[in-house]
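The structure under discussion appears below in the form of structure tokens.
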Number of protein chains: 2
Amino acid sequence: MATRTHKHTDTHAFPKPGHNHDRCTADALKKAAAVCAQRKTRLTDIRREVLELVWKSHVPVGAYDILSQLNSGGGRTAPMAVYRALEFLLENGLVHRLASLNAFIGCAHIGKDHHAAQFLICRVCETAAELDSAPLTRALTQAVAERGFTIDSQIVEISGFCPHCSPPT
Amino acid sequence: MATRTHKHTDTHAFPKPGHNHDRCTADALKKAAAVCAQRKTRLTDIRREVLELVWKSHVPVGAYDILSQLNSGGGRTAPMAVYRALEFLLENGLVHRLASLNAFIGCAHIGKDHHAAQFLICRVCETAAELDSAPLTRALTQAVAERGFTIDSQIVEISGFCPHCSPPT
DNA sequence: TTGTATATGTTATAACATAACATTATACCA
DNA sequence: TGGTATAATGTTATGTTATAACATATACAA
């Protein structure tokens with residue numbers, strides 16, 4: 001029988017409304033720096049600023065939202081700069097793009113090359129969380145293989161109601 | 001033991017390069033008319049034209065592509081008309097929207113309220129096909145339920161190589 | 001320090017989508 | 001049949017997301 005040693009069951013918990021979010025951000029930035037150091041890519045000022053803005057919350061954020069936050073102090077950054085930073089962050093597995101929202105969110109599992117990109121998105125609080133279910137991935141892999149198809153990349157985005165928000169009555 | 005009576009195993013086959021596509025189109029249009037009659041919604045000229053254009057192939061098509069095809073004969077249709085037609089077709093389950101491509105494709109299973117919206121998309125020939133895997137749906141439902149999440153809608157879009165196109169060597 | 005690769009700045013435009021209001025067509029009932 | 005409500009379409013304008021192309025600047029290694 002396989003060993004089952006989990007420190008806690010919180011690994012995939014949906015972000016709680018009152019959690020200490022500063023920790024999420026600090027942790028993400030630390031790991032991001034480590035990943036970039038290891039991969040010998042450069043986490044420049046603008047890239048880090050964009051990453052910080054993406055990590056302001058667990059709500060996916062649009063490129064132009066990031067842009068206006070960057071420019072809120074009178075800056076003159078252009079859209080290209082933001083898209084380039086996002087492209088870098090995507091390539092390095094530091095953020096994800098949600099196709100259903102045209103928005104970006106910080107990767108919650110930096111380093112563990114999951115690359116699953118399976119998301120739960122709450123319609124009420126707009127929070128998005130990575131699902132990363134191994135059984136789901138297995139079912140998907142099998143279903144796709146049965147069709148004679150070879151996976152290159154996948155998008156799984158589930159919209160609904162998170163554990164902290166009730167469906168409208 | 002459950003009965004297993006399938007006319008053929010082709011139900012979920014990936015569209016073959018040389019298949020008789022006129023049949024796909026004719027079939028889709030016939031079913032579309034039936035659905036609209038049953039639901040007492042109106043398949044007007046522009047709606048049917050857009051549906052026909054969507055069914056020109058199994059490659060998802062953008063709204064502005066549809067628009068330029070509509071106007072290729074000197075017409076002056078505006079984007080709104082196309083988007084409104086697409087909205088109608090979506091509401092009536094006659095087409096799907098692929099979020100990863102910002103494009104639309106005819107629904108291959110009109111009537112059978114699947115609403116799964118699981119797609120395979122070939123990177124080479126650009127053909128998209130509905131996956132609609134029950135095991136996948138089950139795994140997904142379960143994984144989501146385990147997180148205390150309630151599904152409202154789902155997007156599953158798998159990009160890769162179809163059975164008729166080889167991965168680049 | 002100088003060359004090369006990488007990153008950023010800048011301008012313009014492409015691509016996708018909707019808001020708001022006017023007009024026309026259709027259905028349905030009195 | 002004619003009036004009226006509803007649905008559909010026309011029209012204009014604009015919002016939103018994303019990329020192309022070329023110029024300049026910065027970092028790093030030889």
Side-chain angles (χ1 to χ4, degrees), chain A residues 32-33 35-54 59-71 73-92 94-105 126 155 157, chain B residues 32-33 35-54 59-71 73-92 94-105 126 155 157:
Chain A
V35 164
C36 290
Q38 197 229 316
R39 301 180 60 159
K40 299 202 199 303
T41 57
R42 290 160 53 200
L43 190 59
T44 60
D45 284 358
I46 192 168
R47 289 168 178 175
R48 190 177 44 253
E49 282 167 44
V50 169
L51 185 58
E52 284 170 6
L53 288 171
V54 163
V59 176
V61 59
Y64 279 78
D65 290 339
I66 293 169
L67 182 64
S68 48
Q69 288 198 255
L70 278 177
N71 287 340
R76 306 201 144 278
T77 304
M80 269 312 302
V82 172
Y83 279 101
R84 285 199 280 230
L86 288 169
E87 184 184 26
F88 170 88
L89 296 170
L90 286 167
E91 282 171 353
N92 287 273
L94 304 176
V95 305
H96 293 284
R97 180 172 187 277
L98 298 182
S100 61
L101 301 174
N102 294 330
F104 302 84
I105 190 167
E126 300 183 85
I155 291 174
E157 296 176 20
Chain B
V35 164
C36 290
Q38 198 230 314
R39 302 180 61 158
K40 299 202 199 305
T41 57
R42 293 161 52 201
L43 190 60
T44 60
D45 285 357
I46 191 166
R47 289 167 178 175
R48 189 178 44 256
E49 284 168 42
V50 169
L51 185 59
E52 283 170 6
L53 288 171
V54 163
V59 176
V61 59
Y64 278 77
D65 289 339
I66 293 170
L67 182 64
S68 48
Q69 288 196 254
L70 278 177
N71 287 340
R76 305 201 146 278
T77 305
M80 270 311 302
V82 173
Y83 279 102
R84 284 199 281 230
L86 288 169
E87 184 184 27
F88 171 87
L89 297 171
L90 285 168
E91 281 170 354
N92 287 274
L94 304 177
V95 304
H96 293 284
R97 180 172 188 278
L98 298 182
S100 61
L101 300 175
N102 294 330
F104 302 84
I105 189 166
E126 298 183 87
I155 291 174
E157 296 176 20

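Each chain gets a letter, A, B and so on, in the order its sequence line appears, and its residues count up from 1.
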Which nucleotides of nucleotides 6-15 of chain C have their base under 4.0 Å from a protein heavy atom (B), which only their sugar-phosphate (S), and which neither (-), written as one string 5' to 3'?
-> -SBBBB----
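OP1 and OP2 of dT18(C) both lie 4.0 Å or more from every side-chain N or O belonging to Y83(B).
Here dA7(D) presents its P atom at 15 Å from CZ of R39(B), a figure rounded to the nearest Å. Straight-line distance from the CG atom of L90(B) to the C1' atom of dA17(C): 13 Å, rounded to whole Å. Look at CG on N102(A): it is 14 Å from C1' on dT18(C), rounded to the nearest Å.
When T41(A), L51(A), L43(A) are each tested for a side-chain contact (heavy atoms from CB on, under 4.5 Å) with N92(A), only one passes: T41(A).
Taking the nucleotide of DNA chain C with the nearest heavy atom to each of K40(B) and A63(B), the more 5' of the two is matched to A63(B).
Interatomic distance, H96(A) NE2 to L90(A) CG, rounded to the nearest 0.5 Å: 9.0 Å. Distance CZ/R97(B) to CZ/F104(B): 5.0 Å, rounded to 0.5 Å.
The closest donor-acceptor contact from the side chain of E157(A) to the backbone of S100(A) lies under 3.5 Å.
The shortest non-hydrogen separation linking R42(B) to R47(B) is O-NH1, 2.6 Å. Nearest approach of A103(A) to G62(A), heavy atoms of both residues: CB-N, 4.1 Å.
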